[in-house]
Each structure stands twice: as structure tokens, then as C-alpha cells.
Engineer: 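Pasting a structure here, questions to come.
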Amino acid sequence: MPNWFSPLRDAINAFMNDTQRYVNGTVKMRLFKGQAVVRGLKTSKSIYRHDLATYSEGDTFDHSAAVGFINIWGLPVRTWTSTWPRQDEAEIPIEA
């Protein structure tokens with residue numbers, strides 16, 4: 001486990017700060033017995049659009065686009081797994 005005060009922590013903080021710079025609004029949460037459940041969200045800069053986020057009748061999402069999207073975004077994972085198989089699938093030498 002990396003030290004809390006390390007270059008890794010600095011890099012993670014920089015990533016989080018960059019990805020969160022446009023985030024604003026409020027979140028209503030229900031905290032109970034170790035669970036945190038989102039009960040509501042409100043923001044002035046939401047990019048969520050119900051007509052694009054659903055697969056229901058009347059949506060405007062082009063369903064045929066999903067196939068290409070899945071193939072392109074899955075390529076790095078497929079490439080990585082062909083180079084680095086899961087340990088339980090690889091032959092692991094056992095040292096005596």
C-alpha cells in the first residue's frame with residue numbers, strides 16, 4: 001500500500017481536481033447502517049438528458065452507435081488482457 005504522502009497521492013489529487021473543476025450543485029444522501037444512497041441531485045450545469053440516457057420508446061439515442069462504441073472502448077482492455085492474463089488463468093511458477 002502506498003504511503004499517503006507520496007507522488008501517487010499527488011497524481012490522484014491532481015486527477016480528481018481536474019475532473020471535478022466543473023462540478024457544482026447539491027446531492028441528497030441517505031446514510032443508514034453503513035450505506036450511502038443518493039436520494040436526489042441538483043445542478044445548474046447538468047449534461048444529463050433523459051431522452052439520450054434511456055432505451056425506452058421515444059428516446060433519441062441511436063442504438064446502432066452502441067456497437068462501435070463498445071468495440072472501440074473495449075479495445076484497450078482486450079489488448080491488455082491478451083498481454084497480461086488473469087493470474088488464475090496464467091501458469092504461475094511455484095517456488096519450493
Engineer: Say whether, by atom type as modelled, one donor and one acceptor occur between the side chain of D18 and the main chain of A14 under 3.5 angstrom.
Structural biologist: no
Engineer: Going by the rule side chain to side chain contact (heavy atoms under 4.5 Å, CB included), which residues pair with I47 if we only count those two or more places apart in sequence or in a different chain?
Structural biologist: none
Engineer: Sequence neighbours excluded, which residues qualify as side-chain hydrogen bond (donor to acceptor under 3.5 Å, both in side chains) partners of T43?
Structural biologist: N24
Engineer: Y48: which residues meet the side chain to side chain contact (heavy atoms under 4.5 Å, CB included) condition with it, sequence neighbours left out?
Structural biologist: S46, H50, A53
Engineer: Holding to side-chain hydrogen bond (donor to acceptor under 3.5 Å, both in side chains), I want the full list of residues that pass it with S64, two or more places apart in sequence or in another chain.
Structural biologist: D62
Engineer: Report the distance from atom CG of N13 to atom CG of L8, rounding to the nearest 0.5 Å.
Structural biologist: 9.5 Å
Engineer: Determine all donor-acceptor pairs shorter than 3.5 Å in which one atom belongs to a side chain in residues 69-79; sequence neighbours excluded.
Structural biologist:
residue, atom, partner, partner atom, Å
N71, ND2, V67, O, 3.3
R78, NH2, N71, O, 3.2
T79, OG1, L75, O, 2.9

Engineer: Just list the side-chain donor-acceptor pairs under 3.5 Å for residues 28-42, sequence neighbours left out, or say none.
Structural biologist:
none

